[in-house]
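Quick note on labels: first sequence line is chain A, next is B, and so on, each numbered from 1.
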2 protein chains.
Amino acid sequence: MPKKGDDKTSAPVELKCKVDDDSEWRTLNGDQVELFNAAVNCRSYKAGETVFMQDDPCKGLYIIESGMIAVRKMDSEGRTAVIRLGYPGDSLGYRPLLAKENHRASAEVTKDSRVCFVDAKTTWQLISKNPDLGLRFLERIAKAMGEVESRFFEVAALSVRVRLVHLLILLRDKCGRFSTDGTLVLELPLTRQDLASMIGARPESVSRAFHDLKEDGLASSSGRQVHVTQYKRLIEELHSNISV
Amino acid sequence: MPKKGDDKTSAPVELKCKVDDDSEWRTLNGDQVELFNAAVNCRSYKAGETVFMQDDPCKGLYIIESGMIAVRKMDSEGRTAVIRLGYPGDSLGYRPLLAKENHRASAEVTKDSRVCFVDAKTTWQLISKNPDLGLRFLERIAKAMGEVESRFFEVAALSVRVRLVHLLILLRDKCGRFSTDGTLVLELPLTRQDLASMIGARPESVSRAFHDLKEDGLASSSGRQVHVTQYKRLIEELHSNISV
DNA sequence: CGCCAGGTTGATTTCGCTCAAGCAATGTGG
DNA sequence: CCACATTGCTTGAGCGAAATCAACCTGGCG
């Protein structure tokens, strides 16, 4: 009978919390996994709860096991904008942690979620024990940076309609599926308000953009459900307007 | 008489290329500095030359010793926008290097410059020999990311005038000086076109914004020289509009 | 000189924001 | 179970900021 710790090549210790296969945490070896597991603290959140608040010091980072979390930024006038959506396997709060800054945004639970917390000290310990973890963060954040820079371009140069189309296509992976007749069905996890904020627009403008898309026979929306009838043409519209 | 390599605490080997005191490269120790020096390749560029091109693979990173370099992004329609200005001590191209991506922008020499090149392989070697170098990059890029995310907010919500004011204030450190009578004199290193692209506007709108600022007695511009007569009021205008 | 790129200015248009009303879906308390 | 708030979505009217289009300066420079 195989004893615990007997096996050599296969992972002897499992990470206590579920992450993507390509997650940076996969780089941890036995000892480090144990350190991780000893420190990690998982709990459930109800929709509407707040994981962390803007301007709070960053105490560590959060790994989403299940559910969905919206990261929003608020300005002094109380206007708010969603800047990222977190899905299972994603990490939140790593930017302020690595930058040694306070949180620049709040994380708000959108669907009941299970989230694991790893304190900053442990994270830094792990990074120093296993520099590869740091490099993975480096790569990830560098990629994310490229995305943000590109989107910056976009807001300035493109119409609300095109920005909306782009967002829909980005959301496809996470909350879309193709039905049998080839139409793409998106189950948007956000209010119009939040949707609008993600592309730097007002909800009314988004409504009108949806209206126009319907008029052109590209897509129709009812509430938070969007049916993209002409996915190909939608992509084309994007490509004829976007550089990347 | 002290022999070469005699001293213990003071840096025995100098970096072959001039960097800021707080540069990430300062973390390198003797061996690593030598590796760096062996690999680094400095040369001069004339204004107008290109250091690297958008979409080219990233072969390494560039350290600006002197001069000035504009980093611009171009879209499929040929519209171009300046996304960053590089000054002596800055590094360019580290984002694509770390993200293992191609360049997402071009670097164009604006004033005659001297630039040092460190190939990717050496950079990765140095990072693995000295994880602290990686951590410094991590921190820097994480901070930069926060900045970009904040500016995202700005483009969508603020008027051209306020965005221009903000840019002027950001440029103050690099190309501004206070004259004896307290006015701030900025020597802008850019055409109106480029200036406009940095804030997501058209050159005509920037012209009009300058016109308005002059009318309000805040600043006056003649060509690329801007005189800010009421620096305090300019700052106030900013603070009453910006969240951060 | 004339040329030309960069800059300003003016006239017009357009896009998206504001404000306001109406509607549907959902919740809540009597 | 119904009257009613509440919340999110849509639509319309009006407006304003900035883009577009176009003309006209201005200052180098061959």
*asked:* With nearest nucleotide decided by heavy atoms, which residue, B:Ser205 or A:Pro203, maps closer to the 5′ end of DNA chain C?
replied: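 First, find each residue's nearest nucleotide; the 5'-ward one identifies B:Ser205.
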*Describe the nucleic acid contact of A:Ser221 in one word from base, sugar-phosphate, nothing, applying a heavy-atom distance below 4.0 Å.*
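Since only primed, P, OP1 and OP2 atoms lie under 4.0 Å of A:Ser221, the category is sugar-phosphate.
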[X] side chain: which of [options] is closest?
X        : options               : result
B:Arg192 : C:dA20, C:dG7, C:dC17 : C:dG7
B:Ser159 : C:dC17, D:dA18, D:dC9 : D:dA18
B:Arg202 : C:dC17, D:dA19, D:dC9 : D:dA19
B:Ala201 : D:dA19, C:dG16, C:dG7 : D:dA19

Can you tell me how far [atom2] of [N] sits from [atom1] of [X], to the nearest Å?
X        : N      : atom1 : atom2 : value
B:Glu204 : D:dC25 : CD    : P     : 17 Å
A:Arg224 : C:dA24 : CZ    : C1'   : 14 Å
A:Asp212 : D:dT10 : CG    : C1'   : 13 Å
B:Leu188 : C:dG6  : CG    : P     : 16 Å
A:Asp194 : D:dG8  : CG    : C1'   : 11 Å
A:Leu195 : D:dT10 : CG    : P     : 10 Å
A:Gln193 : D:dT10 : CD    : P     : 13 Å

*Mark yes or no: B:Arg43 above the aromatic ring of B:Tyr45, with NZ or CZ under 6.0 Å from the six-membered ring centre and no more than 45 degrees from the axis.*
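Yes, B:Arg43 lies over the aromatic ring of B:Tyr45.
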_Students often mix this up, so state it plainly: with edges at 30° and 60°, are the rings of A:Tyr231 and A:Phe178 parallel, tilted or perpendicular?_
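Ring orientation, 0 to 90° scale: perpendicular.
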*Ring geometry between B:His103 and B:Phe52 (parallel below 30°, tilted from 30 to 60°, perpendicular above 60°)*: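 Judged by the thresholds at 30° and 60°, the geometry between B:Phe52 and B:His103 is parallel.
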*asked:* Pick the closest DNA chain D nucleotide for A:Val206 and for B:Val206 by heavy atoms, then say which residue is nearer the 5' end.
replied: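 Comparing both residues, the 5'-ward one is A:Val206.
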*Does B:His211 put a side-chain nitrogen or oxygen below 4.0 Å from OP1 or OP2 of C:dT8?*
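So the side chain of B:His211 is outside the cut-off, no N or O lying under 4.0 Å from OP1 or OP2 of C:dT8.
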*Which residues pass the salt bridge (charged side-chain N to carboxylate O under 4.0 Å, His left out) test with A:Asp56, sequence neighbours left out?*
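Partners of A:Asp56 under the salt bridge (charged side-chain N to carboxylate O under 4.0 Å, His left out) test: none.
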_Would the distance check show the side chain of B:Asp90 and the main-chain N or O of B:Tyr87 forming a donor-acceptor pair, the cut-off being under 3.5 Å?_
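Present.
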*C:dG10 base / B:Arg208 side chain donor-acceptor hit below 3.5 Å*: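 Indeed there is one.
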